[in-house]
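Following: one structure in structure tokens, then a few remarks.
Proteins come first, then strands; the chains are lettered A, B, ... in the order of their sequence lines, and each starts at number 1. If you're wondering where the values come from, they're calculated on a predicted model, not measured in any experiment.
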2 protein chains.
Amino acid sequence: MEIITIKDIAKALNLSTSTVSRALRGSYEINPETKRLVMEYAERMNYRPNPIALSLKENRSRSIGVIIPEIANNFFSQAINGMESIAYNRGYHVVISQNHESYERELVSTQYLAQRRVDGLLVSLSGESNDLEHFKELQTKGLPIVFFDRVPQDYITHKVIADNFAGTYEATEHLIKQGFRRIAHLTSPSWLSITYERLEGYKKALQNHDIPIEDSYIKYCSHGGMIFEEVEQAVMELINHPNRPDAVFTAGDRLTTTCMSLIRREGLRIPEDIAIVGFTNLMTADLLNPALSAVRQPAYEMGQLATEFLIDLIEHPKATIRFETKKLDTHLVIRDSSLKATP
Amino acid sequence: MEIITIKDIAKALNLSTSTVSRALRGSYEINPETKRLVMEYAERMNYRPNPIALSLKENRSRSIGVIIPEIANNFFSQAINGMESIAYNRGYHVVISQNHESYERELVSTQYLAQRRVDGLLVSLSGESNDLEHFKELQTKGLPIVFFDRVPQDYITHKVIADNFAGTYEATEHLIKQGFRRIAHLTSPSWLSITYERLEGYKKALQNHDIPIEDSYIKYCSHGGMIFEEVEQAVMELINHPNRPDAVFTAGDRLTTTCMSLIRREGLRIPEDIAIVGFTNLMTADLLNPALSAVRQPAYEMGQLATEFLIDLIEHPKATIRFETKKLDTHLVIRDSSLKATP
DNA sequence: GTGAAAGCGCTAACAG
DNA sequence: CTGTTAGCGCTTTCAC
């Protein structure tokens with residue numbers, strides 16, 4: 001059975017392609033009888049319009065592009081599931097692209113998706129992205145973009161984020177209340193929004209509890225955990241610190257797992273020597289040794305919300321909307337890794 | 001800066017679109033001077049050919065579709081990275097689609113990708129797929145398909161798999177050598193290739209060590225771990241078995257983690273009460289409590305290999321090739337979860 | 001060496 | 001109510 005086109009239907013039914021086209025899309029100005037004939041034949045031959053031809057004609061594709069750092073990260077894969085749930089219901093497909101924390105790859109992915117005429121873009125920035133011209137340019141050309149998770153500061157569009165400040169504040173305060181005083185903060189590249197917001201939550205918690213902020217306890221990993229050596233250096237500096245931290249907050253999946261491995265490798269115990277709370281959606285958190293205390297983001301909902309924003313932008317291009325930044329609550333799950341051993 | 005087409009270039013340079021087209025693709029019958037002019041202008045205006053127009057014209061897209069059960073599974077995300085590494089080098093893009101272990105979703109994804117004119121398909125079957133007509137049909141229409149991991153039995157094409165038999169044999173034998181005798185086997189839907197091969201490896205190991213095969217120790221989860229209740233029932237039947245197993249082999253990420261959780265929930269210890277070895281590429285295996293013994297698949301390499309096969313098929317459509325089934329070695333990493341406590 | 005024209009599949013303005 | 005025509009961006013005969 002070959003692929004069948006409108007032309008084939010027209011030929012078979014002795015009609016013109018335009019009549020067939022109109023019948024297929026239920027135009028009111030078509031004879032009901034003709035319409036029925038066309039519909040039936042199309043159905044029988046299993047006709048499917050060629051989306052490529054449509055894209056070319058209409059300069060749109062009924063699909064939205066997603067650009068994220070890594071799919072091998074539970075936060076992002078959950079977010080994608082949220083996106084798909086909304087997108088499919090509203091008739092869009094989702095095209096996934098990874099940037100692997102590289103600006104270069106982000107650029108290529110963006111270009112690719114734009115050329116494939118996606119109708120909009122859902123983006124979480126790579127760890128290397130401080131230049132956003134490629135997005136700005138597309139946006140002025142009329143391509144709607146919604147950022148989520150890692151969002152740019154000075155960029156006017158919808159954004160969906162977790163309440164990074166509150167989440168980190170809560171986690172840090174929890175550590176303080178457990179009795180930890182020398183709390184380190186292992187985090188992503190300094191220029192990312194999530195990094196800043198989490199750092200602020202951390203600092204505020206310390207301040208509110210009259211604990212001085214020790215800069216040497218704050219470590220940035222400019223590749224967000226993708227490069228082992230980078231994390232290793234940061235963690236080793238903490239471990240070998242003259243006044244070794246007794247707890248650490250880790251701002252991501254890779255950062256958390258690598259940090260745990262390293263603490264273990266160095267023969268230290270969690271939480272007795274160093275306690276840990278991770279900002280992570282790891283599915284195995286409660287199976288870890290020790291079970292990992294974690295700040296979870298509502299990844300699925302974030303994906304859904306971002307997609308709703310985006311599709312609204314796509315479908316009402318000229319509506320003068322106030323752009324929103326939606327902030328969703330995180331959820332702290334306390335497990336063994338952050339509990340002070342009772343002496 | 002607007003999107004620029006060949007027509008714009010032609011107009012600007014007072015040439016015909018055909019001349020521009022030829023110049024751009026370096027046709028030898030174009031005046032070198034004209035060619036230079038066109039090239040320069042195109043470069044300066046940042047001209048990019050419209051891939052949609054090309055797809056329509058050439059009935060191909062220079063992209064390959066991937067259909068897998070879940071991206072939130074380390075095996076698959078690693079495989080995807082392998083695919084991308086090859087594909088990009090050979091000028092193809094990778095479009096990812098999840099089937100969430102559902103036949104219905106697999107069908108929709110397949111249809112979608114085929115309509116988007118992907119040049120080929122890389123597929124790992126959903127847990128529900130026993131009917132393969134949708135693939136067969138596309139293949140006869142000339143769309144190359146390569147299966148990996150979960151491959152169909154009776155289907156003539158390239159396939160890339162891990163040595164499931166040997167991997168499971170090795171894992172089971174390891175358990176036996178540790179002194180376990182009542183070894184359970186918690187696995188995916190019975191009709192999947194991986195299920196069969198792993199089961200055979202398990203049985204063979206038992207046989208070779210004169211351990212009778214106990215059918216009630218073998219549990220299939222027809223949704224491959226996606227539905228908690230299903231795994232729960234299977235594991236509870238094992239735990240409440242009149243002759244409770246002292247070890248269990250688990251055939252996938254979700255199966256493994258859920259099984260561990262349940263054993264823990266029921267107040268049993270790993271490995272003292274029940275030892276466990278998982279067939280999984282979980283990145284956190286060595287951080288689990290206890291550290292998880294695991295059979296790892298060379299996911300990245302499998303993705304690469306499958307992609308090489310596919311692109312060869314795409315680029316030499318009429319070559320009469322003998323289809324291969326490439327089998328890659330697995331790697332058993334022994335950790336605490338399968339070590340017999342010394343009495 | 002270059003241009004005119006047709007065609008990939010589809011829609012829509014314009015005629016009847 | 002239906003057909004003719006043009007056009008989306010590009011390549012490719014076929015002419016000259």
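Regarding A/Arg25, its CZ atom lies at a distance of 17 Å from the P atom of C/dG9, rounded to whole Å. Rounded to whole angstrom, the span from the CD1 atom of A/Ile9 across to the C1' atom of C/dC10 amounts to 12 Å. Between the P atom of D/dT13 and the CD atom of B/Glu29 lies a distance of 11 Å, rounded to the nearest Å. When rounded to the nearest whole Å, the span between CD of A/Gln115 and C1' of D/dC10 equals 14 Å. Rounded to an integer number of Å, the gap from A/Asn14 CG to D/dG3 P is 9 Å. Rounded to whole Å, the distance from CG on A/Leu24 to P on C/dC10 is 9 Å.
With sequence neighbours left out, the side-chain hydrogen bond (donor to acceptor under 3.5 Å, both in side chains) criterion links A/Glu308 to no other residue. Residues meeting the salt bridge (charged side-chain N to carboxylate O under 4.0 Å, His left out) test with A/Asp119, sequence neighbours left out: A/Arg60. Residues meeting the salt bridge (charged side-chain N to carboxylate O under 4.0 Å, His left out) test with B/Glu106, sequence neighbours left out: none.
The aromatic rings of A/Tyr112 and B/His93 lie parallel to each other, their planes meeting at an angle below 30°, with 60° marking the opposite boundary. Aromatic ring pairs are classed by plane angle as parallel below 30°, tilted from 30° to 60° and perpendicular above 60°; the pair B/Phe309 and B/His158 is parallel. Between B/Tyr103 and B/His134, the angle of the ring planes goes over 60°, which puts this pair in the perpendicular group of the 30/60° scheme.
Between A/Phe135 and A/Tyr155, the distance separating the two ring centers is not shorter than 6.0 angstrom.
Taking the C1' atoms of five terminal pairs at each end of the helix from C/dG1-D/dC16 to C/dG16-D/dC1, the two resulting helix axes are inclined by 60°, rounded to 10°.
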Output one line per pair: protein atom, nucleotide atom from nucleotides 5-9 of chain D, and distance, for all N/O pairs under 3.5 Å.
{"unit_1": "D/dG7", "atom_1": "N2", "unit_2": "A/Lys57", "atom_2": "NZ", "d": "3.2"}
{"unit_1": "D/dC8", "atom_1": "OP2", "unit_2": "B/Lys7", "atom_2": "NZ", "d": "3.1"}

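Remark: A/Ser16 is not in phosphate contact with D/dT2, judged by side-chain N or O atoms under 4.0 Å from OP1 or OP2. Side-chain N/O atoms of B/Thr19 include one lying less than 4.0 angstrom from OP1 or OP2 on C/dG3.
Note on B/Leu15: only backbone sugar-phosphate atoms sit closer than 4.0 angstrom, heavy atoms only; bases stay farther off. If you check every strand for non-hydrogen atoms under 4.0 Å, B/Arg22 touches a base.
Applying a 4.0 Å cut-off to non-hydrogen atoms, the residues of residues 34-41 of chain B that approach DNA chain C are B/Thr34, listed by residue number.
Looking at B/Thr34, its side chain never comes within 3.5 Å of a backbone N or O of B/Ile30 through a donor-acceptor pair.
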Verdict with reasoning, A/Arg116 to A/Ser61, per side-chain contact (heavy atoms from CB on, under 4.5 Å): CA-CA 8 Å; A/Arg116 293 314 300 189; A/Ser61 60; over 6 Å; no

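Side chains of B/Met39 and B/Tyr47 form no contact here, defined as non-hydrogen atoms less than 4.5 Å apart.
Of the charged side-chain nitrogens involved, at least one lies within less than 4.0 Å of a carboxylate oxygen, so that A/Arg150 and A/Glu101 count as a salt-bridged pair.
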